[in-house]
Amino acid sequence: MDDQELGFKVGSVIEVMDATNKEWWWGRILDCEGWFPASFVRLRVNQDEPMEEYIPKAGEKDKDTRNATRRHGYGQTNKDQMRTNVINEILNTEKDYIKHLKDICEGYIKQCRKRADMFTEDQLWTIFGNIEDIFKFQKKFLKTLEKRINKDAPHLSEIGACFLEYKTDFQVYSEYCNNHPNACTELSKLSKVKKYGYFFETCRLVQKMIDISLDGFLLTPVQKICKYPLQLAELLKYTNPQHRDFADVEAALDAMKNVAKLINERKRRLENIDKIAHWQSTIEGWEGEDILTSSSELIHSGELTKISHLQSKGQQRIFFLFDHQIIYCKKDLLRRDILYYKGQINMDDMDVINIEDGKDKDFNISVKNAFKLQSKISDEVHLFLAKKPEQKQRWLQAFDEERKQVLLDKETGFSISEIQKKQAMVNANKPHPAGKPKAVNRTYYDFWMKQKHPTLPANLPQQQVFMLAEPKRKPSNFWQNISRLTPFRK
């Protein structure tokens with residue numbers, strides 16, 4: 001946190017000293033003062049009550065819940081009012097968000113398309129991603145939401161079903177969030193050229209948008225998808241279990257949390273594609289299509305002995321199981337740090353068969369720790385031998401994981417865009433300068449932990465803004481698997 005930022009916990013009472021800025025207020029908690037985001041707090045219902053009455057004293061925590069109704073007059077009527085406030089906030093923030101998206105699409109994208117001399121279509125995609133698709137979806141969502149609002153008695157509104165109806169459509173944010181780091185990088189490059197800075201500022205002024213930079217505007221969809229679970233949690237808090245909307249709001253909260261998890265998982269998957277592309281570039285004699293054409297995750301790897309009808313003699317190979325395919329390579333006899341491409345097997349066409357120890361009828365040989373890959377559409381069959389029983393079981397488990405991953409990707413619509421594949425392969429084939437690598441410039445934001453709006457008070461210097469941490473990700477097993485192999489050891 002920045003020195004001038006005010007920290008607080010759930011339930012803290014903040015005395016607002018200055019609210020002239022719409023996004024950031026100056027407030028005080030006991031002896032501490034500082035800036036805090038206005039969207040993170042709610043105005044107290046009864047402003048006339050003294051602060052001392054609102055803050056529980058030491059030893060009174062157990063009495064707090066019991067005395068809440070007496071101290072604040074919190075009864076059913078007040079809870080209904082709080083539910084009304086939350087619903088109004090959800091509706092109003094949706095309307096503001098729609099205007100925000102419209103300003104970006106009409107104020108920036110529309111103008112950029114008129115300047116083919118300054119922007120290519122690839123550049124526009126890198127900067128704005130699929131924000132136009134998000135705009136179309138959000139307009140549809142808002143119309144449905146408005147129909148479910150009870151204007152006479154807002155606290156009786158049933159809006160949980162609205163989120164459940166569109167829970168799959170919210171996955172449109174996944175592609176945007178995954179592309180957002182690329183947008184930040186591209187804008188950072190363009191900002192070094194004066195004519196682009198002037199152009200973007202002109203777009204903002206013509207559209208009469210608030211005074212923040214384009215990268216700040218483009219962060220809003222990332223913040224928005226993170227804010228839905230917070231709003232629904234607040235709505236659930238003020239919804240009685242007997243309310244007709246309670247079950248739907250509870251289910252909607254879980255659904256939107258899952259959407260956020262899915263987006264985070266997709267982001268992790270897409271971060272792997274650069275590593276996979278780099279791995280392919282290290283393989284000698286690669287044949288056929290790029291691995292990213294059909295795969296995006298390494299599931300397991302290791303050494304096996306492979307036997308086929310065409311080559312009855314066992315061959316020691318290193319196998320890499322990805323989603324949809326398995327690649328096998330041969331080590332160089334002299335330089336063990338070099339791998340040669342030897343082949344690929346399409347896992348979509350194969351059945352995995354566990355083989356008991358003993359004589360195999362197909363190959364007429366005695367086997368141990370064996371399994372087969374047998375084609376569903378031809379007579380093709382491959383026999384594999386592991387060195388140890390536990391290695392065999394790990395491979396069988398990996399094949400099961402691969403099928404589950406493929407099924408999940410199909411159900412959730414996960415895919416890698418052609419632009420992302422192309423960029424990953426270009427990055428992998430770039431020559432790396434000799435010497436110590438430069439430090440990585442972290443231009444990205446913590447998606448899930450930091451929900452701060454980019455607008456800051458005018459008198460707060462930009463360089464004093466708190467630093468955003470790199471997001472905590474689910475650890476990838478890609479390099480963990482790869483690093484055990486000789487070609488990646490120095």
Under a 3.5 Å cutoff, is there a donor and acceptor pairing between the side chains of [X] and [Y]?
X      : Y      : value
Gln397 : Gln393 : no
Gln81  : Asn85  : yes
Ser213 : Asp215 : yes
Gln231 : Thr93  : yes

Looking at Ile212 and Phe217, what are the two nearest heavy atoms and their distance? O-CE1, 3.2 Å
Looking at [X] and [Y], does any basic side-chain N land under 4.0 Å from a carboxylate oxygen?
X      : Y      : answer
Lys143 : Glu146 : no
Glu297 : Arg268 : yes
Asp103 : Lys208 : no
Glu165 : Lys147 : no
Lys189 : Glu186 : yes

Heavy atoms, side chains only, cut-off 4.5 Å: are [X] and [Y] in contact?
X      : Y      : answer
Glu33  : Arg28  : yes
Val86  : Lys237 : no
Ser294 : Glu289 : yes
Glu175 : Asp133 : no
Arg403 : Met347 : yes
Phe36  : Val16  : yes
Tyr176 : His180 : yes
Arg83  : Val249 : yes

Exactly one candidate in Asp348, Thr293, Asn346 meets side-chain hydrogen bond (donor to acceptor under 3.5 Å, both in side chains) with His324; the answer is Asp348
Are the side chain of [X] and the backbone N or O of [Y] linked by a donor-acceptor pair below 3.5 Å?
X      : Y      : value
Asn88  : Thr84  : yes
Asp349 : Lys376 : no
Asn150 : Ala153 : yes
Gln280 : Ile291 : yes
Asp245 : Ile159 : yes
Asp274 : Ala428 : no

Step by step, work out the salt bridge (Lys or Arg N to Asp or Glu O under 4.0 Å) result for Glu201 and Arg204. CA-CA 5 Å; Glu201 179 63 8; Arg204 184 189 71 80; 2.7 Å; yes
Is it the case that atom CG in Asp31 sees more than 12 heavy atoms from other parts of the structure closer than 6.0 Å? no
Might you confirm whether atom NZ of Lys167 has over 12 heavy atoms from other residues, nucleotides or ligands at distances under 6.0 Å? no
Show the numbers, then the answer: is there a side chain to side chain contact (heavy atoms under 4.5 Å, CB included) between Ile127 and Leu190? CA-CA 10 Å; Ile127 296 170; Leu190 294 180; 3.8 Å; yes
Walk me through it: do Phe199 and Lys194 pass the test side chain to side chain contact (heavy atoms under 4.5 Å, CB included)? CA-CA 9 Å; Phe199 176 80; Lys194 285 185 178 181; over 6 Å; no
Identify whether NZ of Lys or CZ of Arg in Lys139 sits under 6.0 Å from the centre of the six-membered ring of Phe135 and within 45° of that ring's axis. yes
Does the Lys NZ or Arg CZ of Lys224 fall within the cation-pi geometry relative to Tyr228 - under 6.0 Å from the ring centre and within 45° of the axis?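 Pair Lys224/Tyr228 counts as cation-pi.
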Taking the six-membered ring for Trp, are Tyr196 and Phe119 ring centroids under 6.0 Å apart? yes
Given the side-chain rings of Phe163 and Phe141, with only the six-membered ring counted for Trp, is the space between their centroids under 6.0 Å?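 Distance test on ring centres: under 6.0 Å, yes.
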Walk me through whether Asp323 and Arg269 qualify under side chain to side chain contact (heavy atoms under 4.5 Å, CB included). CA-CA 12 Å; Asp323 52 313; Arg269 289 277 299 278; 4.0 Å; yes
Between Phe320 and Ile299, is the side chain to side chain contact (heavy atoms under 4.5 Å, CB included) condition met? List the steps. CA-CA 8 Å; Phe320 301 88; Ile299 295 168; over 6 Å; no
Which class fits the ring pair Trp395 and Phe399: parallel under 30°, tilted 30 to 60°, perpendicular over 60°? tilted
